[in-house]
Amino acid sequence: MIRYLYISILFAVLLLSCGDKEPIKTTNQFGSAEILFDKENIKAGDKINIIDVKTDGIVDGEELNLLVSNKWGVKVLTSQLKNDKASFDLLELDFQERGEIEFILTAEQKVLDRHKLEILPLSGDSLIESFLGPKTIFVGGEEKTMLTNVTTDKYGNPILDGSKVNYSIRFPGEKSYTREVEADHLVSFIQLKSKEEIGKIIIGANCDKGSIREQEIRVIPGYPTKFRVEVVEWFPYADSRQTVWIRTDVIRDSFGNVIADGTMVSFMVKANSKIINEYKSFTVGGIANVYLENPPTETSWEVFAQSDNENRSNSIKLDFESNIESIAFDYDRRKHSVFVGPITSKLGQFVNDGTEVSLIISKGESEILLENEALDGFCEFKLRGNKFVQGTYALALEVGGERSTKRLVIR
Amino acid sequence: MTEVKHNNLSRIVSAAIVVGLIAIVFAGLGKTIAYFKTGADNGEVYVINTNILKDHHPAVTWQEDQIVDGRIVNDYMRGDLEKAYIEAWYVVNMSFANKDASHLEDYFAGKALEWIREEVTDSSAFTLRQTELNHNLQLNHFTLDNQLAAFSDQGVKVVKKILDDQGELIYEEENTFDYEVVMTLDDGRWRIRHLVKKIGQEKESKDQLGNDTMMLAKLDRMKGVNYYPASTPWFDFWENYSVDTTKKDLVLAKSLGFNTVRIFLQYSVFGEENVKQEMLDKLTSFLDIARDNKTKVIVTLFDFPKSYDLINYTSTDRHLESILTRFKDHNAILAWDIKNEPDLDYKNYGERVVTDWLSFAISRARLYDPNHLITVGWSDAEYADKLHEELDFVSFHYYKEADGLSAAIKELKKKCPSKKLVLGEFGQTSLQSLLTVYNKSEEKQSIYYDKVLSTLKQEGVSSICWALHDFEDAPVEVFGLKPWIRGPQKHFGLVRRDGSSKPVASLFKK
């Protein structure tokens, strides 16, 4: 009985354990083989028609592989052995890429022979890939630019290190000259510093018959040197309406060149020893202009300019007087309002619409600030609510830095 | 009476047949479901990942710049260039595997693009699979406007395999190449514009320690036990590593007569290619405790690896580099066991793929640690002669009947006569249960050990038994759900769960 049970279980176990078993491969014993090709290098583009192989001790009919290990990949050629010889047809292969390749002769995963071959770039037929930058530099010898060339043969192979590349250079206002540079790590390059004249540096390169189109580097004026600012026109009243026109003189670099158009100049406005405003402007013909709106109240400004490199101009002092000539205001009992106006300027005109008017109403220690804007020289403060009941109040009206006071008795 | 007996017998037989048939049906269903859940085939690993360098981790070093005008290239620009170059290699590797040139234009420009396209789209039946292990870069030129860089890449180790149209390997090599490279920044991307290859001269030393008499003497004196803590075996060991448990267990092992323990580093737990500092510190702690306890350690690497495929070689390399360079001078280590029972993976990955990976890992391990012995823990003596020429000693496991061990050893000795043999795992469960086909016991376990140890003594083979402890649990992810497998696995120890020794333990004190 137990026997049957075991037989059943074993039967099931046997079925469950059935599976594929991969056959173990065997490798034939091999004799020796030799690649009959002894060149150590060829020129790019050269053809290799056939590579012959001689073997010893390998049976006829054995399939041999010739692996051509290229720059990245491997090309596999096959041939059958006959009378201890095999030939591989390489006619379809191009040997155009510079670098070392390898022929590896194999059979059944065994390497029988290998041969290294270097493909050399062509000479005398060069093409040049050029990379120039920066293409604009400041005058004065601080800034550098560089022309880098990869000189190649007609197939695009970089020329051998040590090959000569001729660079011709002409600085603005100077005669051209040449410099010979050797290629190193696939590239050759020339590095130039600007001189004291603005203009274009023209640079060219050639190698064998190949040359690049002339390259241009713009040498632009350098950083601004000392410069001055002046007031062109201004209205010395704090009317927050008129503008002060300030401009620089013609700003030049250290070599006397007018600085490049578009150079940024910052105009700084100081009041009470603090910078209260900064205005940006850009030069045209070396001059930067700025228009500053007059302040709203009586004050003194100190204005100066500075260029990008912190080069600072002289300072100009501007004293703005109050623009308010007279302020009239009164309490209208019927409307329970304070009417202000007319507010006139030094020229007898009404002040600008929008001029800020402040009314401070105080009683004892309490103080209330009301604000409004002038319209056609007038404005009104409505004393609404129950804040201003019977009593005596002190009124102080402020416009454009001017202050006028009154006593108000509400009964 | 006889009739009744016959009836009972026929009922039992029928019941057994029904049980058998049900087992076959379930097994068939299981295999069918498993077939559809097998997941990706080998071809699918060669899909370019959107996180492009997820699987590609070559070692990258920079030599001091040789830029003529002494210009300093900042780390950001250098990093950008390096990333693009390494990605270009990865894309080349993938493009060859897939014969698909569509991604190349993002990484190559000019004539270089034209040529690499031609090579990738080669219409022959052969496929190239390759990966590179390292890059050793040196900047030679960097333009002032940061638009062109020329640099050298020296001593690049490239592993290549060529497969025929049947997927059979026809050639493989690991070679060293030097490159001169020009890359240009076009449309915000660095692209390879020129690349010139030279075949390198460097040949890797494959010196073995197997002839070192001092190291061999250590193997001769070895009395080893495989070790996991009783309550945190397998994946829990390093996650829940305890200094106190380690100290206690190594003292216990010593008291039982063992001078060597064999431990396992789970590949994923240790962080795969980015080995976790925390795990290195834990391993340091273990080895330091072992050294203080005068116990040698055989460290088994790559437990439960991700893949043996060529595209993961760089991950393998980084894993080895991180661990072996850190511990190459630690005198508690006796040997590195590169992989536990790799022959069990032949079925899933193919024998060639697994042995190629082992061969690669062995050579890289020797490079990173030339001081310690290297072996592989084969599950079966039948396969244990594989790669024996590359190993310092041959390690195999044996769980079959004790009577067959002598013949297995003799056969293996014939196959690799120049190598010392080590029985890296052997043992028997002591579980008394109907779940085991042949009911075991602690006494039977002791008898089995006695026979095995006596054979080993006769054959002059050192051993490492499985295992020090009975375990609280045998994890499902290792042993599956089958209780008749998991159950016995918990009772292979020399020491019971309550800490008391089983009869078998006394055999090692002799």
Side-chain angles (χ1 to χ4, degrees), chain A residues 1-2 4-9 11-13 15-16 19-22 24-25 65 67 69-77 94 96-102 104 106 108-109 111 116 118 121 129 131-135 144-148 150 152 155-158 161 184-187 189 191, chain B residues 8-9 12-13 16-17 19-21 23-24 27 66 68-69 92 96 110-112 114-116 118-120 122 124-126 128 130 140-141 143-148 150-152 160 162 164 169-173 175 177 179-182 184 193-199 346-347 350-351 437:
Chain A
M1 182 174 71
I2 296 296
Y4 282 113
L5 180 62
Y6 274 129
I7 288 166
S8 303
I9 292 169
F11 177 66
V13 168
L15 277 174
L16 289 172
D20 298 332
K21 193 161 180 94
E22 288 180 10
I24 297 169
K25 287 179 188 151
N65 294 319
L67 314 179
S69 181
N70 291 317
K71 185 185 288 182
W72 294 104
V74 180
K75 186 88 181 168
V76 184
L77 306 171
D94 293 323
Q96 294 179 350
E97 287 183 77
R98 178 190 158 183
E100 290 182 350
I101 65 168
E102 199 171 20
I104 304 161
T106 70
E108 295 199 13
Q109 300 177 27
V111 175
K116 192 160 79 174
E118 183 172 14
E129 297 172 4
F131 303 88
L132 178 69
K135 290 178 179 169
K144 291 185 281 190
T145 184
M146 182 184 270
L147 176 67
T148 302
V150 183
T152 68
Y155 295 112
N157 293 304
D161 283 0
D184 187 27
H185 294 289
L186 312 186
V187 300
F189 71 96
Q191 190 169 282
Chain B
N8 285 342
L9 184 64
I12 290 165
V13 170
I17 290 170
V19 168
L21 284 173
I24 291 165
Q66 292 294 315
V68 174
D69 67 350
V92 166
F96 274 112
K111 199 71 184 172
E114 202 178 302
W115 276 330
I116 182 77
E118 273 177 30
E119 286 208 58
V120 164
D122 171 26
S124 76
F126 299 94
L128 171 68
Q130 67 168 26
N140 301 310
H141 184 66
T143 57
L144 288 171
D145 59 352
N146 307 327
Q147 300 293 303
L148 180 147
F151 58 91
S152 313
K160 287 178 190 272
I162 299 166
D164 65 15
L169 186 80
I170 66 157
Y171 175 70
E172 65 178 324
E173 69 166 19
N175 219 331
F177 303 103
Y179 298 91
E180 292 290 342
V181 189
V182 173
T184 50
R193 187 168 280 272
H194 294 284
L195 183 138
V196 174
K197 180 176 104 173
K198 286 205 167 218
I199 297 167
Y346 282 178
K347 197 174 175 188
E351 180 177 335
V437 177

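By convention in this document, chain letters (A, B, ...) are assigned in the order of the sequence lines, proteins followed by strands, and residues within each chain are numbered from 1. Just so it is clear, the values below take in all heavy atoms, side chains as well, and ignore hydrogens, waters and symmetry mates.
- Remark: the backbone N or O of N70(A) is paired with a side-chain donor or acceptor of K197(B) at under 3.5 angstrom.
- Looking at L147(A), there are no atoms closer than 4.5 Å to chain B (heavy atoms on both sides), in backbone or side chain.
- Using a 4.5 Å cut-off between heavy atoms, V120(B) does not touch chain A at all.
- Taking CG of N140(B) as the start and CG of D161(A) as the end, the distance is 9.0 Å to the nearest 0.5 Å.
- Neither the backbone nor the side chain of E114(B) comes within less than 4.5 Å of any heavy atom in chain A.
- Within the 4.5 angstrom heavy-atom criterion, atoms from both the backbone and the side chain of T143(B) approach chain A.
- The line from CZ of R98(A) to NZ of K198(B) is 7.0 Å long, rounded to the nearest 0.5 Å.
- The only option from D164(B), L128(B), I162(B), D122(B) that meets the side-chain contact (heavy atoms from CB on, under 4.5 Å) definition with V76(A) turns out to be I162(B).
- The nearest pair of heavy atoms linking I199(B) to I101(A) is CD1-O, 3.6 Å.
- Of the two parts of Q96(A), the backbone and the side chain both hold a non-hydrogen atom closer than 4.5 Å to a non-hydrogen atom of chain B.
- Only the side chain of Q191(A) comes within contact range of chain B, with heavy atoms under 4.5 Å apart.
- With a 4.5 angstrom heavy-atom cutoff, D184(A) does not touch chain B via any of its atoms.
- Using a 4.5 Å cut-off between heavy atoms, Y155(A) touches chain B through backbone and side chain atoms alike.
- The two residues L186(A) and V181(B) come nearest to each other via the heavy atoms CD1-N, 4.1 Å.
- For the set E180(B), E173(B), K111(B), the entry with the most heavy-atom pairs within less than 4.5 Å of chain A is E180(B).
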Note to self: What verdict does the side-chain contact (heavy atoms from CB on, under 4.5 Å) test give for E129(A) and V182(B), after you've listed the backbone C-alpha separation in whole Å, the side-chain angles of each residue and the deciding distance to 0.1 Å?
What the structure shows: CA-CA 12 Å; E129(A) 297 172 4; V182(B) 173; over 6 Å; no
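- For the pair K71(A) and L195(B), the tightest heavy-atom approach, listed with the atom from each and the gap, is NZ-O, 2.7 Å.
- The shortest side-chain heavy-atom distance between V150(A) and R193(B) does not fall under the 4.5 Å cut-off.
- Using a 4.5 Å cut-off between heavy atoms, V74(A) contacts chain B through both its backbone and its side chain.
- Within the 4.5 angstrom heavy-atom criterion, atoms from both the backbone and the side chain of S69(A) approach chain B.
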Next item on the list: Output, in order, the C-alpha distance, side-chain angles, deciding distance and verdict of side chain to side chain donor-acceptor pair (under 3.5 Å) for Q66(B) and H185(A).
Entry: CA-CA 11 Å; Q66(B) 292 294 315; H185(A) 294 289; over 6 Å; no
Check: Can you list the steps and then say if N65(A) with Y171(B) is a side-chain contact (heavy atoms from CB on, under 4.5 Å)?
Finding: CA-CA 9 Å; N65(A) 294 319; Y171(B) 175 70; over 6 Å; no
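- Ring orientation note: the planes of W72(A) and Y179(B) are close to parallel, at an angle under 30° on the 30°/60° scale.
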Check: What do the steps show when you test W115(B) against D94(A) for side-chain contact (heavy atoms from CB on, under 4.5 Å), and what is the final call?
Finding: CA-CA 11 Å; W115(B) 276 330; D94(A) 293 323; over 6 Å; no
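- Nearest heavy atoms, M146(A) versus L144(B): SD-N, 3.7 Å.
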